[in-house]
Amino acid sequence: MGLIGCVVVLLGTGGYALYQSYLNKEQEQEQITAKYTSKPITIILTDSIISSNLPINEILLKTDNIVLVIPPNLSVDDLNEEIDESISFKIIECSTNDGVWSVVKHLNSEVIFVVNDDLNYEIPKNLQRYVGEIIELEQNFSYINQKILSYIIN
């Protein structure tokens, strides 16, 4: 009986340690996710944003309410990284410039990021009625990263 009792205790201890390890990993994942914003944010993809090497895939994976809108002169293939298929619904490719602004209006985000100097067209005057804040970024790679990440990572 002594040997069976030791085996039972060892199995119980091992099972408890495994369960605690599982809980710790789950808590770590929650902490990582909690570092990212829950605000609805739209990023209009431009050449400057692509060149800034912003970690688009990571941002889209670790947030719930961030959407990437791609204007007609660019595509998902222009990104410098492979996009996880599970988040492809957060990327909206538009075939017209009017389509870009229609999507942005319907997303009704709190914050819109755009590099206006990269666009071949003007931001519509009435866009403020549909969105919270429009942040026009400079064509400076470090500025783009700093500005966008400061809103996304708490």
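Values reported hereafter were calculated over all heavy atoms of this structure, with side chains retained and with hydrogens, waters and symmetry mates removed.
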Of the non-hydrogen atoms in N65 and S38, which two are nearest, and what is the gap between them? ND2-O, 2.7 Å

Determine whether V69 and L45 satisfy the following criterion, side chain to side chain contact (heavy atoms under 4.5 Å, CB included), listing intermediate values before the conclusion. CA-CA 6 Å; V69 177; L45 189 68; over 6 Å; no

Is there a path of hydrophobic side-chain contacts, each under 4.5 Å between heavy atoms of I/L/V/M/F/W/Y residues, joining F141 to L79? no

Does L61 reach the side chain of S86, with side-chain heavy atoms less than 4.5 Å apart? yes

Sequence neighbours excluded, which residues qualify as side chain to side chain donor-acceptor pair (under 3.5 Å) partners of N116? E136

Output side-chain donor-acceptor pairs under 3.5 Å for residues 49-58, partner residues at least two apart or in another chain, one line each.
residue : atom : partner : partner atom : Å
S51     : OG   : D47     : O            : 3.0
S52     : OG   : I49     : O            : 2.7
N53     : OD1  : N80     : ND2          : 2.8
N57     : OD1  : D84     : N            : 2.7
E58     : OE2  : Y36     : OH           : 2.7

So, the side chain of D78 versus the backbone of S75: is there a donor-acceptor pair under 3.5 Å, distance only? yes

To the nearest 0.5 Å, what is the distance between CG on D117 and CG on L137? 10.0 Å

For residues 92-109, which side-chain donor-acceptor pairs fall under 3.5 Å, sequence neighbours excluded?
residue : atom : partner : partner atom : Å
E93     : OE1  : V76     : N            : 3.4
T96     : OG1  : G99     : N            : 2.9
H106    : ND1  : S102    : O            : 2.8
S109    : OG   : T42     : OG1          : 2.6

Side-chain touch I153/T37, heavy atoms, less than 4.5 angstrom: no

Give a yes or no on whether K90 atom NZ has more than 12 heavy-atom contacts from other residues, nucleotides or ligands under 6.0 Å away. yes

Are V114 and I70 in one and the same hydrophobic cluster, where Ile, Leu, Val, Met, Phe, Trp and Tyr link if side-chain heavy atoms are under 4.5 Å apart? no

Are I148 and I43 side-chain neighbours, meaning at least one heavy-atom pair lies under 4.5 Å? yes

Is there a side-chain contact between T63 and I41 (heavy atoms, below 4.5 Å)? no

Residues that E138 engages under side-chain contact (heavy atoms from CB on, under 4.5 Å), provided they are two or more places apart: N140, Y143

Starting at CD1 of I152, measure out to NZ of K62 and round the result to the nearest 0.5 Å. 12.5 Å

Pairwise side-chain contact, F113 with V111, heavy-atom cut-off 4.5 Å (strictly under): yes

Heavy-atom side-chain contact between I44 and I112 under 4.5 Å: yes

Do L68 and L127 share a hydrophobic cluster, counting only Ile, Leu, Val, Met, Phe, Trp and Tyr and linking them when any side-chain heavy atoms are less than 4.5 Å apart? no

side-chain contact (heavy atoms from CB on, under 4.5 Å) filter on N73, not counting sequence neighbours, yields P71

To the closest 0.5 Å, what do you measure between CD (E133) and OH (Y151)? 4.0 Å

Treat each ILVMFWY residue as a node, draw an edge where side-chain heavy atoms are under 4.5 Å apart, and state whether I59 and I135 are in one component. yes

Do D118 side-chain atoms and S48 backbone N/O form a donor-acceptor pair below 3.5 Å? yes

Under 4.5 Å between side-chain heavy atoms, hopping through other hydrophobics if needed: is there a path connecting V131 to V67? yes

Residues in side chain to side chain donor-acceptor pair (under 3.5 Å) contact with S150, at least two apart in sequence or another chain: none

